[in-house]
Amino acid sequence: MNYFIGVDVGTTSTKAVLYDEHARVLDHFSEGYSLYRDASGMAEQDPEAMLNAVEKVIHDAGAKIDFSNEKLLAVSFSSANQSVIMLDHHFHPLSRIVTWADTRARAVADQLKRSPEGQQLYTKTGTPIHPMSPLTKIMWLNQAQPETVAKTAYFGDIKSYLFYKFFGSFKVDISIASCTGMMNINTGNWDSQALALAKVKASQLPTIVNGTSQAVGLTDEAQAKLGIPSDTPFVYGAFDGALSNLGVGAIKQNTVAITIGTSAGVRVVTDHPVIDPQQRLFCYAVDNGLWVVGGPLNNGGDVYQWAVEHLVDASAVKNEQVDPYTLANHVIEGVPAGAHGLIFHPFLGGERAPLWDANARGSFFGLSQLHTRADMLRSVMEGICMNIATVFQAVRDLIGEPTSVTATGGFARAEVWRQMLADVLNCPVNIPNSFESGCLGAVTMAMKSLGIVDSLDVVQDFIGDISSYQPRTSAVHVYQQYLPLFQQVEGLLTPAYSTIAMLQQQSSHKEV
């Protein structure tokens, strides 16, 4: 038998899926690590912990293969995008990995966004001006950590760092590169204007390669830790959002993919770059000839987790002898659409699309003495869905009306959330029964890289069973009244976000 390993390097864990040569799932592996945060907006990872996690899941997956008479055809990668790591001349880390979730560059981003250069860069790179982008991160690092920057020979991301550790070559796929805010999406090269702002030379950045490009020839140290043949091809793949689209078969302009994990995303694939005149959406490369247009949202399942932790009665969990999420979902099912006139804005971690405001904060609107914790729980879930609907509307405005929506992520395990999303979007929602879409997308790119398939469209044959949810007329009617109000209140609160964020930061400093 022949095998593939799909690897998804995420924010708090790395997953690997072992597939056979027909992309059938054989086994799953996962290894977690810490995300270091503080009140300043820091969100960093330990590069060695991530390297160890990636090595372990590949090793564990490879241990299932009998290499004496079976073959590992390829290992292919999905990873979170928009990370930055500073490296010395020997490619040793000078810093932890600054992740997409880090917001310390917000002042730099705000200033750049208001400048004529900001508009020019967005048009050329497809990357919204926001503290998540490596461009603004490096601009901020120049100001905040000049001594470390002075020692920095190279700026990488988690994937280019991993591939260097495995193969001794410093390269990155075009998909990750296009998310940096420093790659021109029309030329596929590093953009001189962006490099000048970051005070970085192109030689300090990884060489850009296609997503289907391969690295072969593991170093002796990497081969020993991974436990797989040294000549196994490693395929660069793409960033996780693009591969999630691919992994659910959403690779045509009429199919929108929505993921709700810790964060969330709304994306559609096109055969040409599409730039939003209102700068609400990104436009990143998937690979040569394919682009993904959409919006990432900071606030997804992590907000629901916060709500469950603080609003679910611990004694009820004990009495019912169920986990708190099962109980919360059951409670929410008993509350009508609209949560008795309560609206929640889920901006607990700032927000990317559609606001692109790291200072955004969460709020309940309409709260009265009649509301219960059950109402609040439902309004939190509805608020997450309404925020997604706002980005979905922007995608429809730019790309056109979709014929279908495919949704994945941890939320998809909850029946009440599946139906709510269909109702809020007023669109049928399809849920693939296989959840690891990023790994499947990566493996499909590996198949194309090896010449096993001619087109990425073949992923449709691998997806398996799908559950479909139709919008309910009564709930749709309710949400069509509440969604405009959600957006109106969002607009009214936006000017106050920077002030409350400043006051919160001052308060946290006083407590320290």
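As a basis for the values below, the full set of heavy atoms in this structure was taken, side chains included, without hydrogen atoms, waters or symmetry mates. Just so it is clear, the model here is predicted, and its values are computed rather than measured.
Residues A257 and N245 share a closest heavy-atom pair of CB-OD1, 3.3 Å. For the residue pair L135 and A198, the shortest heavy atom distance occurs at CD1-CB, 4.0 Å. The two residues M50 and Q45 have their closest heavy-atom pair at SD-OE1, 3.1 Å. Closest non-hydrogen pair, R37 versus A101, comes out as NH2-CB, 3.8 Å.
One distance of note links OG of S244 with CG of L246; it measures 9.5 Å at 0.5 Å rounding. Separation of atoms CG (L73) and CE (M1) is listed at 11.5 Å; rounding is to 0.5 Å. Note that the CD1 atom of I251 and the CG atom of L290 stand 7.5 Å from one another [nearest 0.5 Å]. Taken to the nearest 0.5 Å, the CD1 atom of I399 stands 12.5 Å off from the OG1 atom of T255. To the nearest 0.5 Å, atom OG1 of residue T187 and atom CD1 of residue I185 are 9.5 Å apart.
When each of M132, E44, Q82 is paired with D102, the side-chain contact (heavy atoms from CB on, under 4.5 Å) condition holds for E44 and for no other.
At distances below 3.5 Å, not a single donor-acceptor pair connects side-chain atoms of Y122 with backbone N or O atoms of F282. K165 contributes no side-chain N or O that, together with a main-chain N or O of L51, makes up a donor-acceptor pair within less than 3.5 Å. Using modelled atom types, no side-chain atom of T103 and backbone atom of P131 make a donor-acceptor pair closer than 3.5 Å. Without hydrogens or angle criteria, E351 side chain to W356 main chain gives no donor-acceptor distance under 3.5 Å. Distance alone, capped at 3.5 Å, places no donor-acceptor pair between the Q393 side chain and the L425 backbone. Side-chain N or O atoms of S449 include none that pairs as donor or acceptor with a backbone N or O of M445 at under 3.5 Å. In this structure a side-chain-to-backbone donor-acceptor pair under 3.5 Å is missing from S213 to V209. In this structure, T207 contributes its side chain and V172 its backbone to no donor-acceptor pair below 3.5 Å. Between the side chain of N387 and the backbone N or O of C385, no donor-acceptor pair lies under 3.5 Å. Under a 3.5 Å cut-off, the side chain of S178 and the backbone N or O of Y284 do not form any donor-acceptor pair.
Ring planes of F170 and Y164: perpendicular class, angle over 60° (limits at 30 and 60°). Ring orientation note: the planes of F163 and F166 are tilted relative to one another, at an angle of 30° to 60°.
Looking only at side-chain heavy atoms (C-beta outward), V7 and T14 come within less than 4.5 Å of each other. Here the side chains of H59 and L226 are not in contact, with every heavy-atom distance at 4.5 Å or above. Residues V248 and P432 have side chains in contact (heavy-atom distance under 4.5 Å, counting atoms from C-beta outward).
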Determine, step by step, whether K252 and D457 satisfy the salt bridge (Lys or Arg N to Asp or Glu O under 4.0 Å) criterion, reporting the C-alpha distance in whole Å, the side-chain angles of both residues, the deciding distance to 0.1 Å, and the verdict. CA-CA 9 Å; K252 301 293 185 184; D457 291 345; 3.5 Å; yes
Please step through side chain to side chain contact (heavy atoms under 4.5 Å, CB included) for the pair T11 and T262, ending with a clear verdict. CA-CA 9 Å; T11 305; T262 302; over 6 Å; no
Test salt bridge (Lys or Arg N to Asp or Glu O under 4.0 Å) applied to D46 and R96, step by step: CA-CA 5 Å; D46 179 351; R96 290 195 297 209; over 6 Å; no
Run the side chain to side chain contact (heavy atoms under 4.5 Å, CB included) check on V458 and T444 step by step: do they pass? CA-CA 8 Å; V458 72; T444 306; 4.0 Å; yes
Given V75 and V235, is the side chain to side chain contact (heavy atoms under 4.5 Å, CB included) satisfied, shown in steps? CA-CA 6 Å; V75 179; V235 178; over 6 Å; no
Does the side chain to side chain contact (heavy atoms under 4.5 Å, CB included) test come out yes or no for W417 and I260, once each step is laid out? CA-CA 10 Å; W417 207 332; I260 309 176; 4.1 Å; yes
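With a 6.0 Å radius and a threshold of 12 heavy atoms from other residues, nucleotides or ligands, H89 has its NE2 atom at or below the threshold. By the neighbour-count criterion of 12 heavy atoms within 6.0 Å, atom NE2 of H90 is sparsely surrounded, having that number or fewer from other residues, nucleotides or ligands. In this structure, K15 places its NZ atom where only 12 or fewer heavy-atom neighbours from other residues, nucleotides or ligands lie under 6.0 Å away. When the shell of 6.0 Å around CG of D66 is examined, it contains more than 12 heavy atoms from other residues, nucleotides or ligands. Within a 6.0 Å radius of CG in N69, more than 12 heavy atoms belonging to other residues, nucleotides or ligands are found.
Taking the centre of each ring, F234 and F167 come in below the 6.0 Å mark.
With hydrogens and angles left out, the side-chain atoms of N288 and N210 include a donor and acceptor closer than 3.5 Å. For the residue pair S468 and N430, a side-chain donor N or O sits within less than 3.5 Å of a side-chain acceptor on the partner. A donor-acceptor pair shorter than 3.5 Å cannot be found between the side chains of Y154 and S203. Defined by atom type and a distance below 3.5 Å, a donor-acceptor pair is present between the side-chain atoms of Y3 and E70. Side-chain contact, W190 with T180: no donor N or O sits under 3.5 Å from an acceptor N or O. For the 3.5 Å distance criterion, the side chains of Y469 and E415 qualify, holding a donor opposite an acceptor. Q305 and E309 are linked by a side-chain donor-acceptor pair at a separation below 3.5 angstrom, with hydrogens and angles left out of the test. A donor atom on one side chain and an acceptor atom on the other are found under 3.5 Å apart for N329 and Y304. Side chains of S160 and D157: a donor-acceptor N/O pair is present below 3.5 angstrom, by distance only.
The cationic atom of R24 (NZ for Lys, CZ for Arg) does not lie both less than 6.0 Å from the six-membered ring centre of Y19 and within 45° of the ring axis.
A salt bridge is defined here as a Lys NZ or Arg NE, NH1 or NH2 lying under 4.0 Å from an Asp or Glu carboxylate O, and D88 with K151 fails to meet this definition. Salt-bridge formation is detected for the pair D423/R472: a Lys NZ or Arg NE/NH1/NH2 atom is positioned less than 4.0 Å from an Asp or Glu carboxylate oxygen.
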